[in-house]
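What follows is a single structure, written as structure tokens, with notes after it.
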Amino acid sequence: MVDLDKISIQKIAKTKISEVDFEKIPFGKVYSDHMFMADYKEGQWQNLRIVPYGYMPMSPATPALHYGQSIFEGLKAYKNESGEALVFRPLANWKRMNVSAERMCMPTVPEELFMDGMNTLIDLDRQWIPSTDGSSLYIRPFMFSADEYIGIKPSDNFTFMIITCPVGAYYSTPVKVRIEQHYTRAAEGGTGFAKAGGNYGGALYPAKLAQQDGYHQLIWTDGKEHKYVEESGTMNVMFVIDDTLVTPALGDSILRGITRDSVLSLARHWGIKVEERRISVDELVDGLKNGRVKEAFGAGTAATIAHIELIGHNGEDYYLPPIEKREFSNKVFRELDLMKRGLSPDPFDWVYKV
Ligand SMILES: *Cc1c(COP(=O)(O)O)cnc(C)c1O
């Protein structure tokens with residue numbers, strides 16, 4: 001049981017909002033005025049508080065810094081026409097955070113702690129939700145081990161926090177991706193399905209190599225044979241092959257994206273044929289050559305839908321049809337955008353009002 005005593009609130013002396021140019025917001029560099037924190041000590045979540053966003057003192061022996069016992073989430077808030085804050089599927093993020101927590105030997109976060117912390121923070125900083133096209137307030141809940149002990153064992157102390165930042169559109173142009181055939185992001189039995197810090201640190205180097213060759217991102221393949229498509233940097237990947245929406249089936253090496261689930265749910269709702277199955281690199285490359293692959297896109301909170309312009313494989317670049325011809329991905333992008341802003345019906349009860 002958590003003693004969810006009231007969240008103590010220490011407000012910033014003067015808001016920093018006038019320093020922000022909302023017309024040009026760089027992704028992830030501008031933070032709103034406040035942050036939420038809670039400590040896990042002696043088997044209890046406690047000391048729930050909102051404080052001004054800023055640096056925090058930490059022991060150099062904090063195990064999260066040494067061994068990566070840390071997890072995170074990412075979701076977004078939008079403003080509707082009457083100025084209310086709408087958060088997209090926060091309960092799905094809460095559930096997934098606890099899946100990650102379990103895999104990483106961390107305590108779960110009770111629903112009330114996650115939701116009350118987020119609601120109070122967003123309510124306080126609601127003027128930070130931008131209303132320009134394509135922009136939103138990115139919400140980053142995270143948790144890390146906080147013992148002062150450099151032995152390798154699960155910690156007894158943890159910190160759970162939420163910070164938020166106004167963001168513009170993530171990728172402004174369609175992305176170029178390369179199929180990775182040597183490096184591995186996640187293996188069977190590993191931590192790929194968890195949003196665990198180390199997964200991303202380990203992916204930087206292979207992504208950098210691809211970027212040096214002019215690609216934005218990789219398409220990861222399975223760790224065993226590099227024969228099957230898995231996902232992209234922080235996006236799940238989807239293809240329209242003939243008239244079927246196809247995406248890799250989930251396993252423990254693929255992150256269970258909430259955008260992925262939203263896209264599949266909408267597609268099924270619209271009566272489109274959907275397949276979650278293995279997709280071999282050979283099938284994909286053949287389909288790109290013979291034109292059966294009509295659309296390819298990444299799905300994730302940061303980008304929502306990122307159209308893939310071309311896919312590199314074995315030194316060859318395969319172009320996809322022009323973006324304006326891509327019926328499904330354009331439609332699903334538009335519909336999700338409208339839903340998130342409260343401008344379209346919400347048959348799945350995804351939109352949460354703060
Ligand atoms: C977060 C993430 C995604 C996308 O998940 P969403 O819930 O849609 O944001 C996909 N792949 C990886 C590796 C991720 O970290």
Side-chain angles (χ1 to χ4, degrees), residues 27-28 68 70-78 87-101 103-104 114 118 136-143 162 164-165 167 169-171 175 177 180 183-188 190-204 206-207 210 216-223 229-239 245 247-267 276 279 296-306 308 329 332-333 335-337 339-340 348 350-352:
F27 184 89
S70 70
I71 57 174
F72 65 96
E73 273 303 324
L75 63 164
K76 281 178 170 177
Y78 301 79
V87 187
F88 192 66
R89 306 191 68 179
L91 287 168
N93 292 91
W94 163 67
K95 282 187 192 142
R96 187 173 64 190
M97 184 155 201
N98 285 339
V99 170
S100 301
R103 177 64 180 83
M104 297 302 289
F114 188 95
M118 188 192 73
S136 55
L137 187 74
Y138 185 76
I139 305 166
R140 167 55 59 90
F142 58 108
M143 193 210 305
I162 307 175
T164 68
C165 44
V167 295
Y170 191 70
Y171 291 113
V175 292
V177 297
E180 180 58 56
Y183 294 98
T184 300
R185 186 192 90 91
E188 237 176 84
T191 57
F193 67 94
K195 250 175 144 67
N199 291 345
Y200 303 84
L204 293 173
H216 297 99
Q217 261 306 343
L218 300 172
I219 290 186
W220 295 105
T221 50
D222 69 284
V229 171
E230 298 218 312
E231 61 173 313
S232 193
T234 54
M235 301 185 293
N236 295 105
V237 284
M238 303 198 169
F239 307 94
L245 178 65
T247 193
L250 294 174
D252 54 11
S253 58
I254 295 183
L255 202 285
R256 295 144 202 224
I258 294 161
T259 315
R260 175 188 184 279
D261 181 74
S262 306
V263 171
L264 296 181
S265 302
L266 276 175
E276 296 177 67
I279 305 166
F297 58 95
T301 295
T304 312
I305 301 295
I308 294 174
S329 44
V332 83
F333 176 76
E335 183 60 22
L336 279 172
D337 190 62
M339 283 173 95
K340 290 171 176 180
F348 305 100
W350 282 340
V351 176
Y352 179 93

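Ligands are counted one by one from 1 in listed order, and the atoms in each one are counted from 1 as well.
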ring-ring contact (aromatic ring centres under 6.0 Å, His included) involving [X] - partner list, sequence neighbours excluded:
X      : value
Phe348 : His269, Trp350
Tyr352 : none
Phe333 : none

For ligand 1, what N or O to protein N or O distances fall under 3.5 Å?
unit_1, atom_1, unit_2, atom_2, d
ligand 1, 7 (O), Arg96, NH1, 2.7
ligand 1, 7 (O), Arg96, NH2, 3.1
ligand 1, 7 (O), Ile258, N, 2.8
ligand 1, 8 (O), Ile258, N, 3.2
ligand 1, 8 (O), Thr259, N, 2.9
ligand 1, 8 (O), Thr259, OG1, 2.7
ligand 1, 9 (O), Thr301, N, 2.9
ligand 1, 9 (O), Thr301, OG1, 2.7
ligand 1, 11 (N), Glu231, OE1, 2.5
ligand 1, 15 (O), Lys195, NZ, 2.7
ligand 1, 15 (O), Tyr200, OH, 2.4

Side chain to side chain, Pro141 and Trp94, heavy atoms closer than 4.5 Å: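 The answer is no; the side chains never approach within 4.5 Å.
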Closest non-hydrogen atom pair between Ser253 and Arg185, with its separation: O-NH2, 3.4 Å
Pair Arg89 + Asp261: basic N to acidic O under 4.0 Å: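 Looking at Asp261 together with Arg89, the answer is yes, because their closest N to O distance falls below 4.0 Å.
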